[in-house]
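One structure below.
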Amino acid sequence: DAKTTQPTSMDCAEGRAANLPCNHSTISGNEYVYWYRQIHSQGPQYIIHGLKNNETNEMASLIITEDRKSSTLILPHATLRDTAVYYCIVRIGNTPLVFGKGTRLSVIA
Amino acid sequence: EADIYQTPRYLVIGTGKKITLECSQTMGHDKMYWYQQDPGMELHLIHYSYGVNSTEKGDLSSESTVSRIRTEHFPLTLESARPSHTSQYLCASSELDRPNTEAFFGQGTRLTVV
């Protein structure tokens with residue numbers, strides 16, 4: 001079973017920041033938080049991952065709370081092409097990714 | 001761009017036929033995975049492999065089988081296709097000796113059994 005809880009869906013205006021929350025209250029000390037997205041049932045695309053420090057790359061930022069029980073994925077300037085299902089996954093080492101239902105983000109013009 | 005390829009992208013086949021879905025990666029990854037995804041639903045792990053001659057069943061029971069004779073190749077076979085096998089099948093790979101790295105996914109094979 002997925003160890004995360006995410007809202008079913010969210011809307012975001014084009015050009016605005018999209019903030020996608022994820023609850024992982026049972027995360028263990030050596031589990032990482034990963035974010036993937038899936039556009040139109042294509043293969044999932046890796047976005048970012050982190051352990052306890054905030055992370056940023058060219059796609060997004062990941063903010064993890066100090067107690068690590070929740071995190072937020074931030075897309076700083078959402079575009080229509082960011083419309084997708086976003087999955088938050090906790091994972092240890094190289095164990096297989098376990099996907100939940102994710103959040104369906106709709107970016108609106 | 002990830003170098004992982006699945007063929008065919010779409011397949012419509014009759015009940016009872018034997019089919020093999022191909023997955024190849026050129027990244028030298030030891031770990032490979034197969035996921036099954038019904039429309040609008042989440043991905044479910046059905047098979048994975050840690051390297052050559054290693055195969056494990058995933059969380060979702062599947063009538064399919066897999067083999068890993070070469071590092072770069074992880075085919076999935078259905079001996080006798082049925083309409084209940086209609087789904088999308090997604091292959092992925094990741095490094096084994098570098099923990100906490102991302103997995104890369106192929107574009108999937110959408111299978112329809114009629």
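So you know, we letter chains A, B, ... as the sequences are listed, proteins then strands, and number each from 1.
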Flag if over 12 foreign heavy atoms under 6.0 Å of CZ, Arg91(A): yes
Within one Ile-Leu-Val-Met-Phe-Trp-Tyr cluster: Ile74(A) and Tyr87(A), side-chain cutoff 4.5 Å: no
Side chain, backbone, both or neither of Leu43(B) within contact of chain A (heavy atoms, under 4.5 Å): both
Co-membership, hydrophobic cluster, residues Ile63(A) and Val33(A), 4.5 Å side-chain: no
Residue Gln45(A) versus chain B: region with a heavy atom under 4.5 Å: neither
Closest non-hydrogen atom pair, Lys31(B) against Pro96(A): NZ-CD, 4.3 Å
Rounded distance [0.5 Å steps], CG in Asp59(B) versus CZ in Phe99(A): 12.0 Å
Proximity breakdown for Leu51(A) and chain B, heavy-atom pairs closer than 4.5 Å: neither
Part of Gln37(B) within contact of chain A (heavy atom distance under 4.5 Å): side chain
Atom CD1 of Ile69(B): over 12 foreign heavy atoms under 6.0 Å: no
Single-linkage hydrophobic cluster, 4.5 Å side-chain cutoff, Val85(A) and Leu80(A) together: no
Leu90(B) side, atom CG; Gln42(A) side, atom CD - distance, nearest 0.5 Å: 10.5 Å
Any donor-acceptor pair under 3.5 Å from Tyr36(A) side chain to Ala103(B) backbone: yes
Shared hydrophobic cluster, Leu62(A) / Tyr46(A) (ILVMFWY, side-chain heavy atoms < 4.5 Å): no
Leu97(A) CG to Tyr48(B) OH distance, which is reported to the nearest 0.5 Å: 12.5 Å
Co-membership, hydrophobic cluster, residues Trp35(A) and Phe105(B), 4.5 Å side-chain: no
Heavy-atom pairs under 4.5 Å with chain A, option from Arg110(B), Gln6(B), His44(B), Gln107(B) with the top count: Gln107(B)
Atom CZ of Arg9(B): over 12 foreign heavy atoms under 6.0 Å: yes
Contacting moiety of Gln88(B), where chain A heavy atoms sit under 4.5 Å: side chain
Contacting moiety of Glu95(B), where chain A heavy atoms sit under 4.5 Å: backbone
